[in-house]
*Asks:* 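Before anything else, here's the structure in question.
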Amino acid sequence: MKKFFALVMAALMMMSMLAACGGNTGPEDPKTIRIGLTGPLSGNNAVYGKAVEAGMKIAVEEVNAKGGLQFEFKAEDDVSDNEIAGNAYNSLKDWEMDIFAGAVTSGPCNVIAPLAVEDQIFMMTPSGSNEDIVKAGDSVFQMCYTDPNQGAASAELIKAKMPDAVIGVIYDSSTDYSTGIYKSFMNKAKELNLNVVEDAINSFDANSSSEMNTQLTACKNAGCDLVFIPVYAAEASTILNNANTMGYDVTFLGCDGLDGILTLEGFNKDLAEGLIMMTPFAADAPDAATQSFVAKYKAMMNGEVPNQFAADGYDVIMALHQACTELGIDGTMSKEDMCAKLTAYFKTASFNGLTGTNMTWEASGMVSKVPNAVVVENGAYVSMAG
């Protein structure tokens, strides 16, 4: 009897060791699809990563509550750093990710997209807007509109709403996002004969982003009454703080990277009054889908109002659910077959989401939807439509 007991214990120990060495064995239900995200969950750009993560979690909960097709979701922190992003992606591969729903920012997207193409893992980024992202391959798609689209739309907005503005520009030369929008804005501004003052075109980089007095002084001395700032919220907060300190009363216009500035830790949102930005989502829209999402997001995020990044994250998951449901895809299908089927599907698909209706995708993977402009009034976004 003692010998039998010893053999049983030895067998159990061996099984335990094999399980520990074997790593991830996949979800309990083999039909479950695993969706991974990389994004800045810490660091200066965490306002974006946390918003996308929360938006995706809400969507996954809704999908799984429907019954039938099930999703499992995991996010890895890439701190918006290109090298870390590659490691975060590899961690998701080790987790046996089926579909990649990231990255959040453009730099990491440009690093990971070629890897996803090589691995034949379908990729749809919620918020990576640089136009080079989709050039990695046919299986890479975007949910947000691209940097050229935003830059051109910003110039067109000025032409329509502020045609006589004297314009300065402050952009971040160290990010693909800011540089891409800046270039497309300048091309469209020249085409539209906007008054962009050459001496008031300024840049900064990651090593000089702690203060913007030099750039703002150049704009002020040039008589600019409008300054275009295609930057992220952290850098925009520095610009607005510095402008306030030096008494420079000017209108600032930016793009979707500014979304989230009202909830940026340590920033006085009163300084954002009058700030204009391009965004496809407004939390105060009256439709039922938006208000349901806003309520769930507030409950998850301690009362915080969702920004466009959260809504784009939600839309990615819902678009994937629509596609997988219509195509009969589940976790028993190989990643390679999933990738092929989803790639073909989104080239002809139409999707209604929080960030746009009748969205379609070009063969390149770029989404087709119209950017909208909002202005901050009394601490909230107000549409500039009309």
Side-chain angles (χ1 to χ4, degrees), residues 48 105-106 127-133 142-173 175-198 200-204 212 215-216 219 222 224-233 235-237 239-240 243 250-262 272-282 307-309 312 355-356 366-377 381-386:
Y48 309 116
T105 51
S106 290
S127 47
S129 54
N130 183 261
E131 62 180 329
D132 289 337
I133 294 169
Q142 292 166 308
M143 179 56 72
C144 60
Y145 42 69
T146 62
D147 296 342
N149 194 350
Q150 295 192 70
S154 297
E156 290 167 350
L157 176 71
I158 294 172
K159 184 67 175 180
K161 303 287 187 179
M162 300 160 279
D164 299 322
V166 180
I167 306 164
V169 180
I170 301 176
Y171 72 98
D172 184 351
S173 61
T175 68
D176 296 333
Y177 169 80
S178 189
T179 303
I181 295 178
Y182 160 71
K183 289 178 179 178
S184 62
F185 172 81
M186 291 301 295
N187 288 336
K188 181 58 72 170
K190 183 177 181 180
E191 178 187 322
L192 297 175
N193 295 314
L194 297 180
N195 186 13
V196 181
V197 182
E198 188 70 28
I201 299 174
N202 305 272
S203 67
F204 63 92
M212 305 288 178
Q215 292 86 348
L216 287 164
C219 293
C224 297
D225 51 22
L226 174 67
V227 178
F228 181 54
I229 50 171
V231 299
Y232 289 126
E235 291 72 30
S237 69
I239 293 171
L240 295 178
V250 64
T251 299
F252 290 101
L253 165 65
C255 298
D256 63 355
L258 298 189
D259 204 354
I261 193 169
L262 296 181
E273 285 295 301
L275 176 67
I276 303 169
M277 71 181 78
M278 310 299 293
T279 176
F281 174 77
N307 58 26
Q308 168 247 315
F309 291 84
D312 270 332
T355 62
M366 292 183 183
V367 72
S368 177
K369 60 182 176 183
V370 179
N372 299 308
V374 297
V375 60
V376 177
E377 292 183 2
Y381 296 165
V382 177
S383 176
M384 292 186 68

*Asks:* Within a strict 4.5 Å, meaning less than it, do heavy atoms of the Y232 and T105 side chains meet?
*Replies:* yes
*Asks:* Under 4.5 Å between any side-chain heavy atoms of N202 and C219, yes or no?
*Replies:* yes
*Asks:* Would you indicate whether the side-chain heavy atoms of V166 and V197 approach each other to under 4.5 Å?
*Replies:* yes
*Asks:* Under a 4.5 Å cut-off applied to non-hydrogen side-chain atoms, are M162 and I276 in contact?
*Replies:* yes
*Asks:* Closest approach of M384 and V374, non-hydrogen atoms and distance?
*Replies:* CG-C, 4.1 Å
*Asks:* Are Y48 and S127 packed together at the side-chain level, in the sense that at least one heavy-atom pair is separated by less than 4.5 angstrom?
*Replies:* no
*Asks:* If only atom types and distance count, is the side chain of S184 paired as donor or acceptor with the main-chain N or O of I181 below 3.5 Å?
*Replies:* yes
*Asks:* Does any N or O in the side chain of Q142 come within less than 3.5 Å of the main-chain N or O of G128, such that one atom is a donor and the other an acceptor?
*Replies:* yes
*Asks:* Just checking, any donor-acceptor pair under 3.5 angstrom between side chains of D312 and T355?
*Replies:* yes
*Asks:* Please name the pair of heavy atoms, one in V231 and one in S178, separated by the smallest distance, quoted to 0.1 Å.
*Replies:* CG1-OG, 3.9 Å
*Asks:* With the side chain counted from C-beta on, respond yes when V227 and I229 share a heavy-atom pair under 4.5 Å apart, and no when they do not.
*Replies:* yes
*Asks:* Quick check: closest heavy atoms across Q215 and S203, and the distance to 0.1 Å?
*Replies:* NE2-O, 3.3 Å
*Asks:* Are N149 and M366 close enough, and set up right, to give a side-chain contact (heavy atoms from CB on, under 4.5 Å), and what steps lead you there?
*Replies:* CA-CA 10 Å; N149 194 350; M366 292 183 183; over 6 Å; no
*Asks:* Going by heavy atoms in the side chains, are P230 and Q150 under 4.5 Å from each other?
*Replies:* no
*Asks:* Looking only at side-chain N and O atoms, does Y177 offer a donor or acceptor that is under 3.5 Å from a partner on D172?
*Replies:* no
*Asks:* Dump the intermediate steps for side-chain contact (heavy atoms from CB on, under 4.5 Å) on V375 and Y381, then the final yes or no.
*Replies:* CA-CA 6 Å; V375 60; Y381 296 165; over 6 Å; no
*Asks:* Do Y171 and F185 come within less than 4.5 Å of each other through their side chains, counting heavy atoms only?
*Replies:* no
*Asks:* Which atom names give the shortest non-hydrogen contact between C224 and A200, and what distance separates them?
*Replies:* SG-CB, 3.5 Å
*Asks:* If you measure from SG on C144 to CD1 on I133, what distance do you get to the nearest 0.5 Å?
*Replies:* 7.0 Å
*Asks:* Please round to the nearest 0.5 Å and tell me the distance separating atom NZ of K159 and atom CG of D164.
*Replies:* 8.5 Å
*Asks:* Looking only at side-chain N and O atoms, does D256 offer a donor or acceptor that is under 3.5 Å from a partner on T279?
*Replies:* no
*Asks:* More than 12 foreign heavy atoms under 6.0 Å from NZ of K183: is that the case here?
*Replies:* no
*Asks:* Enter the distance from T251:OG1 to F228:CZ here, rounded to the nearest 0.5 Å.
*Replies:* 14.0 Å
*Asks:* Determine, for K188 against E191, whether the closest basic-nitrogen to carboxylate-oxygen distance falls under 4.0 angstrom.
*Replies:* yes
*Asks:* Could you go through I261 and L240, starting from their C-alpha distance and side-chain angles, then the distance that decides it, and tell me whether this counts as side-chain contact (heavy atoms from CB on, under 4.5 Å)?
*Replies:* CA-CA 11 Å; I261 193 169; L240 295 178; 3.8 Å; yes
*Asks:* What's the separation between atom CG in L275 and atom CG in L258, rounded to the nearest 0.5 Å?
*Replies:* 5.5 Å
*Asks:* Enter the distance from L262:CG to E273:CD here, rounded to the nearest 0.5 Å.
*Replies:* 8.5 Å
*Asks:* State, to 0.1 Å, how close I239 and L216 come at their nearest heavy-atom pair, and which atoms those are.
*Replies:* O-CD1, 3.5 Å
*Asks:* What is the minimum heavy-atom distance between A189 and A155, and which atoms define it?
*Replies:* N-CB, 3.9 Å
*Asks:* Rounded to the nearest 0.5 Å, what's the gap from OG on S154 to CE on M277? Could you check?
*Replies:* 11.5 Å
*Asks:* Checking the side chain of D176 only, and the main-chain atoms of N130 only, is there a donor and an acceptor separated by less than 3.5 Å?
*Replies:* no
